[in-house]
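Since the structure comes first, as C-alpha cells, the remarks are kept for the end.
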Amino acid sequence: MLELRDITAGYDREAPVVRDASLTVARGEAIGLLGPSGCGKSTLARVAALLHRPESGTVLLDGEPVRRWRHRAPRGLRTAVGVVFQQPRLSADPRLRLADLIAEPLRATGRRDEIPQRVAELAPAVGLTRDLLDRRPHEVSDGQLQRACLARALVLRPRWLVCDEMTAMLDASTTAALVAAVEDYRAATGAGLLAVGHDHTLLRRWCDRVLRWQEVTGRIPPATPGLPRTSGPQQPADVPPAGDR
Amino acid sequence: MTDRTPVLSVRGLSVRFLMPAGRRIAAVTDAHFDVAAGECLALIGESGCGKSVLASALLGLLPANAQGAGEARLGDLDLLSADERTLARTVRGRLIGLIPQSPAAHLTPVRTIRSHLEETVRAVSGARGRAAVRAAAERAAERAAFPADHLDHHPHQLSGGLAQRAATALALVGEAPLLLADEPTTGLDRDLVDHTVDELRRHVDDGQRALLMITHDLAAAERIADRVAVMYAGRIVELADAETFFGVAGPRHPYGRGLLQALPDRAFTPIPGMPPALGALPDGCAFAPRCARATDACATLPPSTGGISCHHPHVPEDLRA
Amino acid sequence: MTCESAAEPAWRSYGVRRRSTTAVRLRVSAALVAVTVLAVLLVPPLVRLDQQTVDLGSKLLPPGWAHPFGTDDLGRDLLLRCVYGLRISLLVGVAAALVATVIGTAVGATAGALGGWVDQGVMRVVDTIASVPHLLLGIFIVAMFRPGVWPVVVSVALTHWLSTARIVRAEVLSLRSRPYIDAAVSGGASRWRVAVRHLLPAVLPRAALAAVLMVPHAMWHESALSFLGLGLPTHMASLGNLVQGGRSSLLAGQWWPTLFPGLFIIVPTLAVAGLAGAWRERIDPRRRSELML
C-alpha cells in the first residue's frame with residue numbers, strides 16, 4: 001500500500017499548495033487523480049514519489065512511514081516509486097543518449113551488470129527501436145523521449161508508479177502506446193499506479209478508480225480558469241489602499 | 001463550402017532543412033490545401049510531423065538553413081516568394097493573425113494588455129490620435145470578449161483563459177482574413193480547451209475570416225473544424241470533411257483511422273511502431289511499415305486522389321452498399 | 001487535385017538575415033585574438049632583440065621607421081616592450097582567470113547543490129567579500145607577499161571568483177528544480193552523483209564562458225596594480241608598468257610611451273570579450289534560433 005495521510009505541502013510555509021490530502025493506492029491498483037491545472041496535484045505526486053518533503057502528514061509505503069525525503073530517503077524506499085513527468089524535454093538529462101538515460105538508475109545504484117539485459121528488455125516494451133537508443137534527446141521527438149523516460153522509471157522494477165500528466169503533451173497514438181506499456185508492466189509485476197491528470201476521459205479509461213481533487217483534499221479546487229478573475233489580490237498594485245489617500 | 005473562393009491556397013508547398021554533413025530533412029512535402037472565409041481547417045498530426053514548420057513557412061519565419069518550394073497564395077500574394085519587407089509590413093498582423101501556443105509567454109510581461117493592443121493598433125491600422133487608438137484597442141478587446149476592466153492588467157495577473165483572449169484580441173486587430181492558430185490548446189485543461197476552441201469558432205462564424213488551426217488534440221479539432229487535414233511524416237495524407245472524418249464513416253486513410261482508434265473514448269489501441277525520422281523517409285508510403293493494409297504496392301508513393309494519399313484506403317460505407 | 005510532382009521542385013532559400021553583425025564581430029574578434037596570441041608566442045623567440053637594451057642616445061624618440069612605437073625614457077624599443085608586456089599581462093590574466101574559475105565553480109556548485117544553511121552561509125561570505133572594493137582587497141593581498149607573479153595572480157583570483165560563484169550557484173539552483181534531477185533522485189542517485197554527473201556537466205559551459213570573460217578583467221586588474229607600483233617587479237614589466245613608466249613623460253608632450261601600452265591593454269581585452277560574447281550567443285539557449293522539430 002502507498003498511503004498519503006493528511007498531506008499539507010507547498011513551497012511557501014505561509015501558503016501551502018496542497019492541504020490535508022489523503023489517498024491510498026493498493027498493490028496492483030490504478031488510481032487516477034483528476035484536477036485542474038494549478039490545483040497542486042503535481043506537488044502531491046512529488047510527495048508520493050518522496051521527492052518533496054510535506055510540511056505535515058504521513059506517507060506510508062507498505063505500512064512503513066517515510067521520515068526522510070529526496071536524497072536522504074533510504075535508497076530502497078526512493079526507488080520503490082518510479083516517476084514520469086509531464087514534459088519529457090525537462091525530464092531528460094540533455095547530455096545522455098537514450099540508452100544511458102534508461103540505464104542511469106542502474107548505474108546510480110551500482111547494478112551495471114544488469115544494464116545490457118534490462119535495456120534490451122525495456123526498449124521494445126516501450127516501443128523504442130535500436131537506432132533510437134543511440135540518439136540524444138534533441139535528436140528525437142517528444143513522444144520518443146517520453147517513451148525513454150517511462151523506461152527509465154521502470155528499470156528498477158518499482159512497486160508503484162507515479163505518472164504526473166505523463167501524456168499531456170503527446171498525440172493520441174503515443175498516449176495509447178505509453179498507457180499500454182504501463183499496463184503491461186503492472187500486469188507482469190502487480191505494481192500500483194497513481195496517474196495524475198486533467199483529462200477525465202483518459203483517466204476513466206485507464207484507471208480502476210478516479211478521484212477528484214476535492215475528494216482527496218475535501219476542498220473545492222480554485223475556480224475554473226478561463227473565467228475572469230475579479231477578486232482582491234489581482235487588483236493592480238499601483239492602486240494604494242484606501243487608508244493612504 | 002469549398003466552392004467559395006479560398007482565402008489561403010497552398011499548392012505543392014515543401015520545406016526542407018539543410019543540415020551539417022549534407023543531411024536533408026524533409027519537414028513538409030508537397031502540401032496542397034485551401035481554406036475559405038468562414039471555414040476552419042484543422043491540421044492534425046503528432047509532434048514532429050512537420051505541421052509547425054508549415055505554419056512557420058506561411059509566416060515567413062523559417063530559419064536560415066531552410067529551403068522552401070511551391071506556393072501559398074493569400075489573395076494576390078505568394079507568401080513563399082514574398083520578401084521579408086513585404087511579410088513584415090503587409091502580411092503579419094494584417095493578412096495573417098497569429099494565435100500562439102502559450103499566450104502568456106507571448107505577451108511582454110512588463111506591459112499591460114492595453115499597451116499591447118494600442119501598439120498593435122498603431123502598427124497595423126490607420127488609427128491616429130490617442131483617443132482613436134484607445135477606442136480601437138477597446139473595440140478589439142471587446143471582439144475577443146476580453147473584459148474592459150482587465151485591460152490595465154499585466155499578463156501575469158491574468159488567468160490562462162484571459163491570456164488566451166488577450167492573444168486572440170491582438171490577432172484580430174489587423175482584421176486579417178486568415179487566422180493561424182498554432183497549438184492554441186496545448187497544456188490547457190479540458191474545460192478551457194473547449195472554451196478556447198468555441199471562442200475561436202465564433203470569430204470564424206461571422207464569415208469574414210478563415211481559420212487554420214494546427215493541433216495534435218483530436219478532441220479540439222473535432223469540436224471546431226469544418227475540414228481536417230491529417231499530416232504524417234511531412235505529407236498531408238488525408239483531407240476530409242470533419243463530419244465524415246469524426247463521424248460514422250470515419251477517416252479513409254489507415255493513419256487517420258489509427259489515430260482516432262487510439263483515443264481513450266474509442267478503442268484506446270495505439271498504432272504499432274513509430275513515425276519515421278523526417279531525415280530518412282522511405283521511398284514509398286511513409287506509413288506502410290506501420291500499416292495493416294500495406295502490400296507491395298506501398299513501396300511506391302501513393303498518388304493523391306480525392307484528398308487521400310493511400311493505395312488501399314478504407315471505402316466509405318455508402319459506396320460499398 | 002492530383003498532384004504528382006515527380007520532378008524536383010524549385011527550392012528557394014531563406015534568410016541570411018540577422019547573422020551578419022554577429023559574424024563580423026566574431027571574425028574581427030577572432031582575428032585580433034589570433035594576432036595577439038601569435039605575437040606573444042612568436043615574437044620573443046623569433047626577434048632576438050633584448051627588450052631591456054638601454055640606449056640612452058635614442059631616448060624618447062617619437063614613432064618612426066626604426067622604432068614603430070618610439071622609445072621610452074631609457075631608449076628601449078616600445079614595440080618590443082609592449083609585446084613582452086602583453087605576454088606577461090596575458091599570462092597573469094589567464095592564470096588568474098583559471099584559478100578564480102576553479103574556486104568560483106567549486107564554491108558556487110557546493111552552495112547551490114547543498115542549499116539550506118550551507119548556501120546561506122557561503123553566499124553571505126561572498127557578499128561580504130564583494131562589498132570590499134576589488135582593487136583595495138587586491139592591494140591588501142599583494143602587500144602581504146614579496147613582489148612577483150604569483151602574488152599578483154593570487155590577488156586577482158581571490159578578488160574575481162565571486163562573480164563566477166554567483167553565476168554557477170544560480171545555474172545550479174535553476175537546474176536543481178528540473179524534473180530530470182527529480183528523476184535522477186528517484187532513480188536512486190546519491191547527492192554526490194547528482195552533483196557530479198548531472199549538475200556539474202550542465203554548468204561547465206557557463207563556467208568556461210565566465211572564465212574567458214574574466215581574462216580581460218584580470219588583465220585590467222593586474223595593470224591597475226602594476227600602475228600603482230604594487231604589481232610585478234619592474235624587470236618583468238607588464239603593460240601596467242609601461243603605462244606607469246610613460247606617465248612622467250606624458251606631461252612633457254611625449255604621448256607614445258603611454259598610448260601604445262594603453263592600446264595593448266584595450267584592444268586584446270576587447271577582442272577576448274567580443275569572442276566570449278559570440279560564444280555566449282552560441283551556448284545560450286534563449287538566443288538559439290535553429291531548427292526545432
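Numbered from 1 within each chain, the chains take letters A, B, ... in sequence-line order. Computed from heavy atoms alone, side chains included, the values below leave out hydrogens, waters and symmetry copies. Computed from a prediction, not measured in an experiment: that's the story for all the values here.
Contact annotation for A:Arg152: only side-chain heavy atoms (C-beta onward) come within less than 4.5 Å of a heavy atom of chain C. Residue contact with chain C, scored on non-hydrogen atoms closer than 4.5 Å, involves the side chain of A:Arg95 exclusively. If you measure heavy-atom distances from A:Pro88 to chain C, you find no contacts under 4.5 Å at all. Heavy-atom distances place the side chain of A:Arg75, and not its backbone, under 4.5 Å from chain C. Using a 4.5 Å cut-off between heavy atoms, A:Leu90 contacts chain C through both its backbone and its side chain. At a 4.5 Å heavy-atom cutoff, the contact between A:Val81 and chain C is made by backbone atoms alone. The contact between C:Arg193 and chain A is made entirely by side chain atoms (from C-beta outward), counting heavy-atom distances below 4.5 Å.
Note that A:Arg27 lies in the cation-pi zone of A:Trp160, set by a 6.0 Å cut-off to the ring centre and a 45° limit from the axis.
Checked by atom type and distance alone, the side chain of A:Lys41 never pairs as donor or acceptor with a backbone atom of A:Trp213 at under 3.5 Å.
With 3.5 Å as the limit, one finds no donor-acceptor pair spanning the side chains of A:Thr24 and A:Glu3. The closest side-chain donor-acceptor pair between A:Asp171 and A:Ser173, if any, does not fall under 3.5 angstrom.
Between chain A and the options C:Ala184, C:Ala202, C:Ser190, heavy-atom pairs under 4.5 Å are most frequent for C:Ala202. Interface summary for chain C: among A:Thr109, A:Asp93, A:Thr79, the most heavy-atom pairs under 4.5 angstrom belong to A:Asp93.
Under the 4.5 Å side-chain criterion, counting only non-hydrogen atoms from C-beta, A:Leu202 is in contact with A:Thr167.
Checked options C:Leu98, C:Thr164, C:Leu158, C:Leu162; the residue passing with C:Ile103 is C:Leu158 (criterion: side-chain contact (heavy atoms from CB on, under 4.5 Å)).
Aromatic ring centres of C:His134 and C:His217: separated by at least 6.0 Å.
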